[in-house]
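All remarks here apply to the structure that follows.
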Amino acid sequence: MIQCPNCHSQELPGTLFCSECGAQLVFSQPLSTQSIYRGQADGSSPGSQPLSEEAPSISNSSTGGLTVTLHVIDAGEMIPLTGRTEYTLGRVAEGQPILPDIDLSPYDAFSYGVSRLHAALKVNKDQVAIMDLGSSNGTSVNGKKIPSSADYPLNHGDVVNLGRLKLQILIRR
């Protein structure tokens, strides 16, 4: 049995999230949430370091040299993804026990129907994939709704809707 670090509930080995409080139980790397501020295209906020310096570094071999950037279409801003192979996308709300890696709150995520933990973006050696995390308003790629809890491959230029928030995936090999 594994014990939840948040509520101390006992869970079966291999369980990813606590059945009582929803806390993540398995961590491959130390996690941190960074807020992305409007007008900060380099990923830095006033008085903070750039995101690439805050995130733990990983070797280029684990991502196969892929560079992924999220283009928030309505805001015209870019969010570079560096330092990890997996990111959770969502919005932050008061009292939320689990925070997304990429907080889309500054882009009016609540009114666009983005869930607190909406989707996971995975960067592997040869592909980028997205998984809907059981969001309330769903995830679609190029207008096609994707199923929950299954990886869906992405290509350069694909438009991903988290609810009604549009993100374009830019992949450089």
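Start at 1 with the first residue, then count along the sequence.
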When you measure from the side chain of T88 to the backbone of D101, do you find a donor-acceptor pair of N or O atoms at a distance under 3.5 Å? yes
Name all residues meeting the side-chain contact (heavy atoms from CB on, under 4.5 Å) criterion together with H156; count only those two or more places apart in sequence or in a different chain, and write none if there are none. L170, I171
Considering all heavy atoms, the nearest N161-K166 contact: OD1-CG, 3.5 Å
Any chain of hydrophobic side-chain contacts (each under 4.5 Å) joining V68 to I79? yes
Do Y152 and I169 sit in the same hydrophobic cluster, where Ile, Leu, Val, Met, Phe, Trp and Tyr count as joined when their side-chain heavy atoms come under 4.5 Å apart? yes
Taking all non-hydrogen atoms of both residues into account, name the closest pair between R91 and A109 and its distance. CB-CB, 3.9 Å
Suppose we screen for side chain to side chain donor-acceptor pair (under 3.5 Å). Which residues come up paired with S9, at least two apart in sequence or across chains? E11
Residues which pass side-chain contact (heavy atoms from CB on, under 4.5 Å) with Q10, listed by chain and number, not counting sequence neighbours: M1, Q3
When clusters are formed by joining ILVMFWY residues with side-chain heavy atoms under 4.5 Å apart, either directly or through shared neighbours, do L133 and L99 land in the same one? no
Partner set under side chain to side chain donor-acceptor pair (under 3.5 Å) for Q168, not counting sequence neighbours: H71
Going by the rule side-chain contact (heavy atoms from CB on, under 4.5 Å), which residues pair with N137 if we only count those two or more places apart in sequence or in a different chain? none
Could you work out, with side chain to side chain donor-acceptor pair (under 3.5 Å) as the rule, every residue matching K122, not counting sequence neighbours? D151
Check: L121 and L154 side chains under 4.5 Å, non-hydrogen atoms: yes
Give the table of side-chain donor-acceptor pairs shorter than 3.5 Å for residues 141-148, with sequence neighbours excluded, one pair per line with atom names and distance.
| residue | atom | partner | partner atom | Å |
| --- | --- | --- | --- | --- |
| N142 | OD1 | V159 | N | 2.9 |
| N142 | ND2 | D158 | OD1 | 2.9 |
| S148 | OG | D132 | OD2 | 2.9 |

Roughly how far, to the nearest 0.5 Å, is the CD1 atom of I102 from the CZ atom of R84? 8.0 Å
Hey, could you give me the CG/CZ distance between L66 and R172, rounded to the nearest 0.5 Å? 10.5 Å
Report all side-chain donor-acceptor pairs from residues 110-119 shorter than 3.5 Å, counting only partners two or more places apart or in another chain.
| residue | atom | partner | partner atom | Å |
| --- | --- | --- | --- | --- |
| S111 | OG | D108 | O | 3.1 |
| S111 | OG | D108 | OD1 | 3.1 |
| S111 | OG | D108 | OD2 | 2.7 |
| Y112 | OH | D74 | OD2 | 3.0 |
| S115 | OG | S136 | N | 3.0 |
| H118 | ND1 | S115 | N | 3.0 |
| H118 | NE2 | S135 | OG | 3.2 |
| H118 | NE2 | G138 | O | 2.9 |
| H118 | NE2 | T139 | OG1 | 3.2 |

I want to check something: taking the side chain as every heavy atom from C-beta on, are Y107 and L167 in contact at a cut-off of under 4.5 Å? no
Would a hydrophobic clustering, with Ile, Leu, Val, Met, Phe, Trp and Tyr connected at side-chain separations under 4.5 Å, put L70 with V123? yes
Mind checking whether L81 and M131 sit in one hydrophobic cluster, side chains of I, L, V, M, F, W, Y counted as touching below 4.5 Å? no
